[in-house]
Amino acid sequence: MLGRFSRRHFAKLAGFSALGLTTSAASQDSQPSHAAGQQASGHFPDGFVWGTATSAYQVEGAVNEDGRGRSIWDTFSHTPGKIADHSNADRANDHYHRYKEDVGLIKQLGAKAYRFSIAWPRVFPEGTGPANPKGLDFYDRLLDELLADGIEPFATLYHWDLPQSLQDKQGGWQSSDTSKAFADYAGYVAKRLSDRVRSIFTVNETGRFVNFGYGWGIDAPGLKLPTAALNQVRHNVALGHGLAVQAIRAEGRAGTRIGPAENIAACLPAVDTPGNVRAAEIATRELNAGFLNVILEGQYTPGFLDYAGKDAPKFTAAELKIISSPIDFVGLNIYAPQFYVVASDHAPGFEVLPFPASFPHMNSDWLRIGPETAYWVPRLAAKVWPINTIYISENGTSADDKVASDGNIYDLDRIMYLRNYLTQLQRATSEGVPVRGYFLWSLMDNFEWIYGFEKRFGLYRVDFDTLSRTPKLSASFYRNVIANNAVDI
Ligand code: BG6
């Protein structure tokens, strides 16, 4: 079942891929679009932020401790048939109790930043109403530990673990009451933690959880809503993001930095020509119209609204203003190339090429290998939107990560992937693309949603029986990158 749904289908199923696509011939222009030879020696800019990432439900465990409420992922993972290996994250990595050891793992890498998420149901067990007095205690401890080790915390407020009662009461993100509840939660967290957390990601991967969770029934809450309702869900998430930005500004310390972490629809020129690059810019804007573009431009594109027709989200001008509240950075989660495009004479000016069956992928079959994604996506984003700070809020890969007879884990495929993506990212920074940091997914193997513990993305291998953590060879690779502030090309 799982194999039928890969995130490369997201745009198609979300109703965007047919947007003006034509069958016209690929553009044949042949001028290079940028000067060659600008790539420096493999070094990243001074002050580049190197980090790793995890999320609450995937690592914390302790789902019944200290007054935590239930989340939609507790319900979903306990529903038979939803998780490939029939597991759940009740214990996961037990990070809730082992956070000191885990902060030590970050330190051993030499990483200076850590992206983690806060579990909304720990803070407001029912989503709204009285805060749990113990709800932020764990994060207080975690923050203190990180700061004592000189590691800068980047907190994500919503990494998919919606309080179950909001789903039960009001259909979760189907209601704009959830957008408002999210803002209240965001303001509360900012008030309590922004003395130590200076950078906050609002929502992780709207492009995934809306479609997978509310459209196709693959992720929690497992709904298959019709297109109009799905578009409304996405709009409510965008509204929640905007309201949260305002609440954090109102309640948090001055200077708290805010932005989304989005799995941007990754559009790349199939062949690097000026015409195709322009086509990729158009595609970047149109294929991200439902979330990133409305946040950054304050309007739904005419193409998006035309295509959606009667299924377009209902919105007001006042909501668009809230949604596009000024932000400080954009986080881009970058894994696979999704749309290789060429120029087209027909509106809207680009054509998406089909992937050949032989296109290579990593251990996860959705994770096609396209290192140049790490170059084009930030470059095009910075061209299309007024962004002056980009973080790669996630990048990484699964691998089979078997323990060799000598006890080591020789994850050479992960190293190959990282080396190539980082080389392309460095190419972007050397051309002045404003990428300021990189968070490798993931610090350690964890509960990979519908795949359970079958897919391993960590720099550290976790034995889910003993919960011991062991560095893989890629941990040495990344340590070396961080130490040199350069990729070893
Ligand atoms: C991103 C998520 O989608 O990619 C992470 O933000 C996730 O939470 C990672 O773990 C890998 O995805 P998957 O679906 O293979 O577990």
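Bear in mind the structure is a predicted one, so any value in this text is a computation, not a measurement.
In this structure, the separation between CG on Asn395 and CG on Leu440 is 6.5 Å, given to the nearest 0.5 Å. To the nearest 0.5 angstrom, Leu320 atom CG is 11.0 Å from Glu297 atom CD. Between the CD atom in Gln246 and the CD1 atom in Ile323 there is a gap of 10.5 Å [rounded to 0.5 Å]. Rounding to the nearest 0.5 Å places CD of Glu431 at 3.5 Å from OH of Tyr375. Within the model, atoms OG1 of Thr429 and CD1 of Ile390 stand 11.5 Å from one another, a figure rounded to the nearest 0.5 Å.
Every side chain to side chain donor-acceptor pair (under 3.5 Å) that Glu319 has, sequence neighbours left out, goes to His235. Remark: Tyr438 pairs with Trp50 by the ring-ring contact (aromatic ring centres under 6.0 Å, His included) rule, at least two apart or across chains. Phe154 is linked by a ring-ring contact (aromatic ring centres under 6.0 Å, His included) to Tyr391, Phe439, counting only residues two or more places apart in sequence or in another chain.
By the 4.5 Å heavy-atom criterion applied to side chains, Ser194 and Ile248 are not counted as neighbours. Proximity of Phe209 to Ile72: side-chain heavy atoms (C-beta onward) are nowhere separated by under 4.5 Å. When side chains are defined from C-beta on, Thr389 counts as touching Arg257, because their heavy atoms get closer than 4.5 Å. Residues Val341 and Asn276 have side chains not in contact (no heavy-atom distance under 4.5 Å, counting atoms from C-beta outward). Proximity of Cys267 to Glu286: side-chain heavy atoms (C-beta onward) are nowhere separated by under 4.5 Å. Between Met416 and Leu412, the closest side-chain pair of non-hydrogen atoms is not below 4.5 Å. Within the 4.5 Å cutoff, the side chain of Leu193 has no heavy atoms near those of the Ile200 side chain. In this structure the side chain of Pro371 never reaches within 4.5 angstrom of the side chain of Thr423, judged on heavy atoms.
With Ser393 contributing its side chain and Leu332 its backbone, the two residues share a donor-acceptor pair below 3.5 Å. In this structure, the side chain of Ser324 does not engage the main chain of Ile295 through any donor-acceptor pair within 3.5 Å. Distance alone, capped at 3.5 Å, is enough to place a donor-acceptor pair between the Tyr139 side chain and the Ala119 backbone. Within the 3.5 Å criterion, the main-chain N or O of Ser117 finds no donor-acceptor partner in the side chain of Ser55. Although no hydrogens or angles enter the test, the distance criterion places no donor-acceptor pair under 3.5 Å between the side chain of Asp411 and the main chain of Asp401. With hydrogens and angles ignored, the 3.5 Å screen pairs no side-chain donor or acceptor of Glu351 with any backbone N or O of Val342. Remark: side-chain polar atoms of Asp488 are not paired, donor with acceptor, to backbone N or O of Val481 under 3.5 angstrom. Checking side-chain atoms of Asn485 against main-chain N and O of Phe44 turns up a donor-acceptor pair under 3.5 Å. Between the side chain of Lys472 and the backbone N or O of Gly458, at least one donor-acceptor pair lies under 3.5 Å. When atom types are taken as modelled, the side chain of Tyr460 and the backbone of Ala475 share no donor-acceptor pair closer than 3.5 angstrom.
Of all heavy-atom pairs spanning Ala261 and Arg115, the tightest one is CB-NH2, 3.5 Å. Annotation for Asn204 and Trp160: closest pair O-NE1, 2.7 Å, computed over non-hydrogen atoms. Taking every heavy atom of both residues into account, Gln232 and Pro313 meet most closely at OE1-CA, 3.4 Å. Contact record, Ser474 with Ile415: CA-CG1, 3.7 Å, taken as the closest heavy-atom pair. Taking both residues in full, the closest heavy atoms of Ile218 and Ile450 are given as O-CG2, 3.2 Å, listed atom of the first, atom of the second, then distance. The heavy-atom pair separating Arg234 from Gly290 by the smallest distance is CD-O, 3.4 Å.
Classification of the Trp449-Tyr57 ring pair by plane angle, with boundaries at 30° and 60°, yields parallel. Using a 30° and 60° split on the angle between ring planes, Tyr300 and Phe304 fall in the parallel class, below 30°. The aromatic rings of Phe447 and Trp73 lie perpendicular to each other, with more than 60° between the two planes, well past the 30° mark.
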For this session: Please test Leu157 against Phe182 for side-chain contact (heavy atoms from CB on, under 4.5 Å), starting from the C-alpha separation and ending with a verdict.
Result: CA-CA 9 Å; Leu157 294 175; Phe182 179 61; 3.9 Å; yes
For this session: Start with the C-alpha gap between Ser71 and Asp161, add the side-chain angles, then the distance that decides, and say whether side chain to side chain donor-acceptor pair (under 3.5 Å) holds.
Result: CA-CA 5 Å; Ser71 86; Asp161 42 1; 5.7 Å; no
For this session: Run the numbers on Tyr114 and Thr54 for side chain to side chain donor-acceptor pair (under 3.5 Å), then give the verdict.
Result: CA-CA 8 Å; Tyr114 177 52; Thr54 62; 2.6 Å; yes
Exercise. Yes or no on side-chain contact (heavy atoms from CB on, under 4.5 Å) for Thr256 and Arg198, after CA distance, side-chain angles and deciding distance?
Worked result: CA-CA 5 Å; Thr256 305; Arg198 309 301 296 128; 3.1 Å; yes
For this session: Test Glu251 against Tyr188 for side chain to side chain donor-acceptor pair (under 3.5 Å), laying out the working first.
Result: CA-CA 7 Å; Glu251 300 291 334; Tyr188 179 82; over 6 Å; no
Exercise. Given Tyr417 and Asp413, is the side-chain contact (heavy atoms from CB on, under 4.5 Å) satisfied, shown in steps?
Worked result: CA-CA 6 Å; Tyr417 174 97; Asp413 49 349; over 6 Å; no
For this session: Report the C-alpha separation of Leu305 and Gln299 in whole Å, then their side-chain angles, then the decisive distance to 0.1 Å, and conclude whether the side-chain contact (heavy atoms from CB on, under 4.5 Å) test is met.
Result: CA-CA 10 Å; Leu305 293 176; Gln299 60 164 346; over 6 Å; no
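Under a 4.0 Å N-O distance rule, the pair Asp328/Arg249 qualifies as a salt bridge. A salt bridge links Arg456 to Asp445: one of the charged nitrogens lies within less than 4.0 Å of a carboxylate oxygen.
For Ser176 and Asn236, the side-chain atoms include no donor-acceptor pair closer than 3.5 Å.
Among the candidates Leu166, Thr206, Val210, Val233, the single residue satisfying the side-chain contact (heavy atoms from CB on, under 4.5 Å) test with Trp173 is Val233. Results of the side-chain contact (heavy atoms from CB on, under 4.5 Å) test with Trp441 over Asn446, Thr397, Ile392, Leu459 single out Asn446 as the only residue that passes.
The aromatic ring centres of Tyr451 and Trp366 sit 6.0 Å or more apart.
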